[in-house]
There are 2 protein chains.
Amino acid sequence: MPLTNPTATVRELIREHYATLTQSERKFANSLLENYPAAGLASITIVAENAGVSTPTVARMVQKLGFKGYPHFHKSLLKELQAKVSGPTQRRDNWVSDAPESHLLNRFSQAVTQNLSQTFSNVDTESFDRATRQLANTDGRLYVVGGRITRALADYAFTHFQAIRQRVTHMTSSSATWPHYVLDMVEGDTLVIFDVRRYETNLQNLAKLAAERGVVIVLITDQWASPVASEADYIFNCWVEIPSAWDSNISTMMLLEALIAATQEEKWPETRDRYERLDQLFDHTRLFRKFS
Amino acid sequence: MPLTNPTATVRELIREHYATLTQSERKFANSLLENYPAAGLASITIVAENAGVSTPTVARMVQKLGFKGYPHFHKSLLKELQAKVSGPTQRRDNWVSDAPESHLLNRFSQAVTQNLSQTFSNVDTESFDRATRQLANTDGRLYVVGGRITRALADYAFTHFQAIRQRVTHMTSSSATWPHYVLDMVEGDTLVIFDVRRYETNLQNLAKLAAERGVVIVLITDQWASPVASEADYIFNCWVEIPSAWDSNISTMMLLEALIAATQEEKWPETRDRYERLDQLFDHTRLFRKFS
DNA sequence: AAATCTCTGAAAATATATTGACACATTATC
DNA sequence: GATAATGTGTCAATATATTTTCAGAGATTT
């Protein structure tokens with residue numbers, strides 16, 4: 001029997017054919033509906049056993065539903081699951097309205113959306129929260145360092161963390177000077193390392209030296225993880241692939257900003273005070289226009 | 001190898017072991033994470049094929065994760081799925097899977113998505129394309145400058161543009177030195193200015209001086225537009241509001257990366273050549289690990 | 001109550017999945 | 001630049017899953 005409706009979900013197919021199902025076939029159908037779709041994603045043997053029926057019963061029933069055999073049924077269920085999970089991601093409301101789909105901006109936005117989504121869903125919340133508390137801890141110094149490309153992110157991090165808390169240091173990207181900083185690192189200090197591919201050997205050495213001195217290391221890296229990971233206490237992976245010769249750091253930036261926002265929230269009363277004083281200083285120097 | 005943590009989800013296990021995975025194992029890991037958990041619920045043959053690796057690779061990897069074999073891994077994934085579906089709330093969007101909706105990460109991600117979407121749909125494609133051609137034009141010099149916060153973005157832009165084309169200058173954020181640069185600016189040069197609130201008066205002065213000399217000005221600013229806009233030839237507005245005391249620069253970064261990507265595409269043959277030479281230089285200096 | 005029909009699961013036959021052994025290719029190391 | 005180490009896929013063996021066949025158990029009809 002061909003599929004009456006090739007786009008129907010298995011659930012719908014079962015409803016549709018329920019009347020023609022035999023007793024033990026219904027037993028399986030119920031078992032599947034009760035735990036949908038997981039109860040149909042194992043092997044026919046296991047699935048049958050869980051439903052309390054024999055394997056031929058299951059095989060016959062899926063054929064009744066219009067599938068060629070159990071594997072066909074299995075594949076169909078899987079596809080449904082896939083569609084459900086990737087549903088929101090596929091939603092492309094980020095298109096640039098007046099450009100064709102193939103315009104770079106649209107290709108780019110799609111890749112970026114994908115990356116952000118991946119990055120977000122791979123953050124371990126608990127780890128994030130603990131890292132935040134560590135970053136807010138002003139008992140120790142906070143060091144920030146980046147590589148060739150990520151230097152800019154380290155700089156951005158520095159600027160913001162400096163506004164939030166005291167005792168922040170940006171280690172310049174010239175690795176020759178790093179030992180000078182390490183000299184003063186003590187237990188309880190925090191070192192934020194940005195390292196995306198191509199990973200820099202110097203950063204790994206730095207991490208090792210810092211770890212030896214009891215410094216807590218927060219690593220922000222790409223999805224493949226820098227070798228620094230072996231020394232790091234907190235690791236955040238950012239998806240960075242875009243259709244281009246280099247890697248995107250938008251998700252890296254997002255993770256960084258999220259960390260900054262969380263740290264700020266953690267230290268709020270103190271931070272507000274700092275912001276106000278900073279504002280007064282700006283007013284005084286008249287370097288900036290008042291925002292209107 | 002025993003399971004280090006028998007209650008960990010497969011996703012967590014992958015994260016935990018990611019550093020020790022080999023290249024093609026990661027290929028599979030990524031494929032699974034991208035379509036989790038569906039991409040791991042078919043047979044090892046199909047799963048491997050979808051990820052573009054061989055079956056033994058998958059088998060070896062799941063053993064690394066601590067499973068006895070592929071069937072064990074499969075069963076584990078299934079159990080997760082079952083637990084999740086039968087859980088209280090079924091709604092899990094793309095956002096952080098294991099965090100409550102009110103967690104900062106989720107609030108943050110929502111705001112960021114909103115900003116990116118706004119920014120994208122407000123880009124004028126034609127203007128974008130023309131700006132790209134301007135940025136790719138090596139007849140004139142390309143100057144990049146930013147403000148207090150956006151200095152980091154200017155730096156990022158500089159690093160990338162320098163890889164793509166010749167004749168790029170990053171004007172340091174110390175405004176005292178800007179007149180020196182202006183001295184050499186001529187018609188046909190390009191000046192990329194980053195200015196988000198609070199807008200800096202010096203940048204406006206700089207823009208005026210540059211515009212007088214016939215320099216094409218590309219402005220990347222926020223949704224309210226910096227006063228530099230009146231001097232600028234190309235204006236890109238980025239949505240920057242997040243629930244925090246400061247502004248987010250993720251959409252700014254995205255727009256910048258899009259411009260870089262487009263410029264690179266515009267000049268592709270030349271750029272590829274530059275990248276290759278850059279790679280050789282890196283190989284030579286051995287400052288970086290080869291990506292694996 | 002006998003005959004027939006339908007349903008069901010046991011078991012064999014067949015197809016497919018999984019794993020292990022090996023050889024080649026690639027990458028690190030000296 | 002040679003050598004060792006590691007990673008990867010092909011292939012074969014083994015195990016497991018799937019389907020088919022078939023005989024017996026119930027239900028239904030005559």
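First and last contacts of DNA chain D with chain A, using any nucleotide atom under 4.0 Å from a protein heavy atom and ordered 5' to 3', fall at D/dA17 to D/dT20.
In this structure, of C/dT8, C/dT19, C/dT18, it is C/dT19 that holds the atom nearest to the side chain of B/Ala59.
Here A/Ile149 contributes atom CD1 and B/Asp155 contributes atom CG; the two are 9.5 Å apart, rounded to the nearest 0.5 Å.
At whole-Å resolution of the value, CD1 in B/Ile44 and C1' in C/dT19 are 8 Å apart. Between the CZ atom of A/Arg60 and the P atom of C/dG9 there is a distance of 8 Å, rounded to whole Å. In this structure, NE2 of B/His72 is placed 16 Å from C1' of C/dT19, rounded to the nearest angstrom. Spacing between atom NE2 of B/His74 and atom P of C/dT19 amounts to 12 Å, rounded to whole angstrom units. Summarising the geometry, the separation between NZ on A/Lys64 and P on C/dT6 is reported as 12 Å, rounded to the nearest angstrom. Protein atom NZ of A/Lys27 is 13 Å distant from nucleotide atom C1' of C/dC7, rounded to whole Å. Rounded to a whole Å, the OH atom of B/Tyr70 is 10 Å from the P atom of C/dT19. As a whole-Å value, the separation of A/Glu49 CD from C/dA10 C1' is 15 Å.
A donor-acceptor contact closer than 3.5 angstrom links the side chains of B/Thr159 and A/Arg151.
A salt bridge is absent between A/Glu187 and A/Arg213: the closest approach of a Lys/Arg side-chain nitrogen to an acidic carboxylate oxygen does not fall below 4.0 angstrom. Under 4.0 Å is where a charged nitrogen must lie from a carboxylate oxygen, and between B/Glu270 and B/Arg165 no such pair does.
For the side chain to side chain donor-acceptor pair (under 3.5 Å) with A/Gln134, the lone residue among A/Asp233, A/Asp129, A/Thr190 that qualifies is A/Thr190.
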